[in-house]
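Working notes, beginning with the structure itself.
Note that the numbering runs from 1 along the sequence shown for the chain. The basis for the numbers below is simple: all heavy atoms, side chains too, and nothing from hydrogens, waters or symmetry mates.
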Amino acid sequence: MPAMASRGGGRRRTINEINMVPFIDVMLVLLIIFMVTAPMLTPSAINVPSVGKGAKPPKSFGQVIIQKDGSLQLKTGDAERPITLQGLGAAAKAWQATQPPDTPILISADKTVTYESVVKAMDALQRAGVQRVGLSVKSGG
């Protein structure tokens, strides 16, 4: 009897461990479900988009070259001449008038040129009414 009295009068200790049995049961059920459904899945083909032929690059184009010091040059065909930002739009539009319709003007800039200089050149061309203005990915000059 004394053993029972000390047993009932003592405090209960809490268990600080996670009970893993329900967790393992859930994992085993999921494993069985996946093992049963995996053979039922049929492999299918994925329709990957294909690339068609791109448009042909233009035979002729004008090129505005922005140098390291910020000076501009207009290259049309084999001729290359220095030009100011104020005269850029008019000169490009005059050159385009002698070319086939929609002849593009590319802007090439040195990698050290500020973004602002490129935007100013692009703005001058668009204000002059040049329809196709592009940016070259190679350094010009």
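Nearest heavy atom pair, residue I105 against residue A92, reads CD1-CB, 4.2 Å. Of all heavy-atom pairs spanning L74 and A91, the tightest one is CD2-CB, 3.9 Å. Among all heavy-atom pairs drawn from F61 and W95, the shortest one is C-CH2, 3.4 Å.
A distance of 7.5 Å separates CG in L72 from OG1 in T84, rounded to the nearest 0.5 Å. Taken to the nearest 0.5 Å, the NZ atom of K120 stands 7.5 Å off from the OG1 atom of T114. In this structure, NZ in K68 is found 8.0 Å from NZ in K111, a value given to the nearest 0.5 Å.
In this structure, the side chains of V29 and D25 stay at 4.5 Å or more apart for every pair of heavy atoms. T76 places none of its side-chain heavy atoms less than 4.5 Å from the side chain of T98.
With sequence neighbours excluded, no residue forms a side chain to side chain donor-acceptor pair (under 3.5 Å) with N16.
Put simply, the side chain of K75 never gets that close to the backbone of I65: no donor and acceptor are under 3.5 Å apart. For Q96 (side chain) and T103 (main-chain N/O), a donor-acceptor pair under 3.5 Å exists by modelled atom type.
Cluster partners of Y115 are V119, counting Ile, Leu, Val, Met, Phe, Trp and Tyr whose side-chain heavy atoms approach within less than 4.5 Å, directly or via other members.
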